[in-house]
2 protein chains.
Amino acid sequence: MQKGATLKDVARLAGVSVATVSRVINGHANVSPRTKAAVERAIVKLNYSPNTIARSLVTGRTGIISLIIVQEDPIVPSTWSYELPLVQSIHDYLKAQDWEIQIAMCSYREFQEPGFLHRYLTRNTVDGVLIMAAWMVERHVVSELKTRQLPYVVLGSHDPDYESICIEYDNEGAIRALVQHLRDAGHQVFGHIGGPTHQLHMNQRLQGFLSALEEFGLPTWQRLTKFGDSNVETGYRVMQEFLAGEPRPTAVVCGNDDIAAGAMNAITEKGLRIPEDIAVVGFDDTVVSQVVTPKLTTVRMPLNKAGVLAAQLLMDELSQPNRERKRIVLPCEIVIRASSLS
Amino acid sequence: MQKGATLKDVARLAGVSVATVSRVINGHANVSPRTKAAVERAIVKLNYSPNTIARSLVTGRTGIISLIIVQEDPIVPSTWSYELPLVQSIHDYLKAQDWEIQIAMCSYREFQEPGFLHRYLTRNTVDGVLIMAAWMVERHVVSELKTRQLPYVVLGSHDPDYESICIEYDNEGAIRALVQHLRDAGHQVFGHIGGPTHQLHMNQRLQGFLSALEEFGLPTWQRLTKFGDSNVETGYRVMQEFLAGEPRPTAVVCGNDDIAAGAMNAITEKGLRIPEDIAVVGFDDTVVSQVVTPKLTTVRMPLNKAGVLAAQLLMDELSQPNRERKRIVLPCEIVIRASSLS
DNA sequence: GATCATAATGAAAGCGTTTTCAGTTCAAGA
DNA sequence: TCTTGAACTGAAAACGCTTTCATTATGATC
């Protein structure tokens, strides 16, 4: 905590009142060039810088945005691969506008707890909130924010009533594109290894998978639609199950790249070839998709765009609150690589 | 920004002075049970919660720790794989002690800029600083922090004079262990594909590589000691160069897992086998090391431990400043997998 | 019953700003 | 010379809390 000079010190040195100094600092009109210069000299001389706290006390604003990162419980390292790009782009955008960022990480269980957000916001005086979550944002959370009249944006999910400004990815569309791509290559028997379906995006991917099959008139099999944790082990284990029974899928759509990598291990281990015997596709376009053999067809989410957009919308809301609520669904790009090329 | 009741409101309702209410809230002694109960009733009734800003203004403390994340420029996604575990463990530790965390990300160039930290700390009133960096922390940064008497800890590097409390990893020791492991398997001709040597840990890995070779009486070759960016492409490209000339290495030590994955690609592509023809080892134990074929021998850094330790040391420094400065070097664990087993 | 320590309380100063309101200065117009 | 209004400036009141210091109530001790 710096101590340094105060307004009063500057005022004394410049031979003016604190009010005038304040005016100079905040660039208000009606200060004569002479006094302005004198004050600025004094500021430099004393190496003065305003006390943010005192300023906040009177203005009622802190210049701080709270970034709440809601996570799986226990934490799944693979989610980091898209969390940090988001944090990064949000950070850069907000910094450029002179906002400070305070982060809070919590499990989705904590976040759903009735008192959590309340306690957090009571302890922390922020001007806006950005919620990064893969879970539905519960009603009481929304109402807590609304009653505080605190501008906020939800990134990665939404609330039950679509009352919040939120940004999501078109998971269903992406999966549909993957299925179409695989069908065009002649595949008929599809398997799906998903992540935890309590995560909104994993659920969307599952739904997208099922409805795409239906749309294209392809059969679905209960035993080829499985879920687990979002990791290599799940992919490996479930793929082994797939391979042990009938029908055997010729194309497997996975909830993320790690799962897909696990599935590939199981396939290769069995002496089968990818994609000749079985095609595999992942999701997220992490580095994993580029180092497995063969390289993995996957989906690239517009993370940077999403982060910046979230920050932008929050800024908009901050400057003119209570405008029309909106939901934005960002399209994703499918990246076709060897694992699905026939 | 919540408005809500103030101390004065509570005092009025409870029929006491604000001083007494303050005492109750802060758990000071010398408040009779009767008045204490009355005050607490009033607090509940008004749903009062203290204004953090006002409190900070008078106490001079904010309860906020600044976490400065210094990054490669431009940003290298693979570094995220160890940044977020660190952030996570630091966050969890500090939260448990009721601290809030403000993050600032910047490139190492920005961070080295004379005015950067100054401007940052002037704008932001924090109680302590945690610097996560892979670059030497310059003297003027240290002196800025020292003159402000701001407790701080450096995680991942140090300053030229070892004046700061800092935590590092035993990169050299880890590389030495890898080289020993490979030598024991009979390898004689070693190659190294490192990351940017301006990064402290990459430089330490290089130095560790060279001194281990020397220690074990193994020859070094200029043309087999290369660097590049910390990514798959570098590994691929440099390995191709290695394979195109003489002598050809039988063991390649890489600066991180991504580089190693690239090297493996180049080797396999050439029709050579891993580890029979060439052994490859990486660093960081990311998910990449588990999905390449064969699985990659690598080094696991004690990230969680490092994060918690950093937070702990900062707390120590906060409670009793100016104790003996210390430098902690954490040992790393080598994880032996198929890519190096003969 | 007088004395004295101790516990309990309140008044008020202060933390470093912003902002309102009133006052002063000064040039221009009458 | 007198008015008038605009431009400039300062005094003082907030903002919501903590903390010191003085004061009063409460027992305990002689």
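Throughout, a chain's letter reflects where its sequence line sits, starting with A, and its residues are numbered from 1.
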To the nearest angstrom, the NZ-P distance between A:K8 and D:dA13 comes to 14 Å

Heavy-atom count around A:K146 NZ within 6.0 Å, excluding the residue itself: above 12?
-> yes

Within the distance-only criterion (no hydrogens, no angle test), does the side chain of A:N26 pair as donor or acceptor with the backbone N or O of A:R23 below 3.5 angstrom?
-> no

Could you go step by step and tell me if B:Q112 and B:Y108 meet the side-chain hydrogen bond (donor to acceptor under 3.5 Å, both in side chains) rule?
-> CA-CA 6 Å; B:Q112 284 171 349; B:Y108 74 95; over 6 Å; no

Starting at atom CZ of B:R12, determine the distance to atom P of C:dT9, rounded to an integer number of angstrom.
-> 20 Å

Per A:T6 side chain, nearest of listed nucleotides D:dG16, C:dT17, C:dA12 | C:dT17

May I have the distance from A:R61 (atom CZ) to C:dT18 (atom P), rounded to whole angstrom?
-> 11 Å

How close or far is atom P of D:dG10 from atom CG of A:L7, stated in whole angstroms?
-> 13 Å

Rounded to the Å, how far apart are A:R34 CZ and C:dC26 P?
-> 11 Å

Close side-chain approach of B:V154 and B:I167, heavy atoms under 4.5 Å | no

Select one nucleotide: of C:dA11, D:dT18, D:dT9, the one nearest the side-chain heavy atoms of B:S17.
-> C:dA11

How long is the line joining CZ of A:R55 and P of C:dT19, in whole Å?
-> 10 Å

Under 4.0 Å: is that the gap between some side-chain N or O of B:N30 and OP1 or OP2 of C:dA8?
-> yes

Are A:K95 and A:E100 close enough for a salt bridge, meaning some N to O gap below 4.0 Å?
-> yes

Given B:R109 and B:D73, is the salt bridge (Lys or Arg N to Asp or Glu O under 4.0 Å) satisfied, shown in steps?
-> CA-CA 7 Å; B:R109 288 179 211 279; B:D73 178 22; 3.0 Å; yes

Is B:K305 atom NZ crowded by more than 12 heavy atoms from other residues, nucleotides or ligands, each under 6.0 Å away?
-> no

Does C:dT9 have OP1 or OP2 sitting under 4.0 Å from an N or O in the side chain of B:S32?
-> yes

Length of the CD1-P vector between B:I53 and D:dC17, whole Å | 11 Å

Residues from residues 19-28 of chain A sitting under 4.0 Å of DNA chain D, heavy atoms only?
-> A:A19, A:T20, A:R23

On the 0 to 90° scale, with breaks at 30° and 60°, tag the B:W135-B:H198 ring pair as parallel, tilted or perpendicular.
-> tilted

For nucleotides 25-28 of chain D, tabulate all protein N/O to nucleotide N/O atom pairs closer than 3.5 Å, reporting atom names and distance.
none

OP1 or OP2 of D:dT9 under 4.0 Å from side-chain N/O of A:T35 | yes

From CG of B:N51 across to P of D:dC17 the rounded distance in Å is 5 Å

Would B:R139 and B:D161 pass as an ion pair if we require N to O under 4.0 Å?
-> yes

With DNA chain C as reference, determine whether B:K36 or B:V58 sits nearer its 5' end, using the nearest nucleotide of each.
-> B:K36

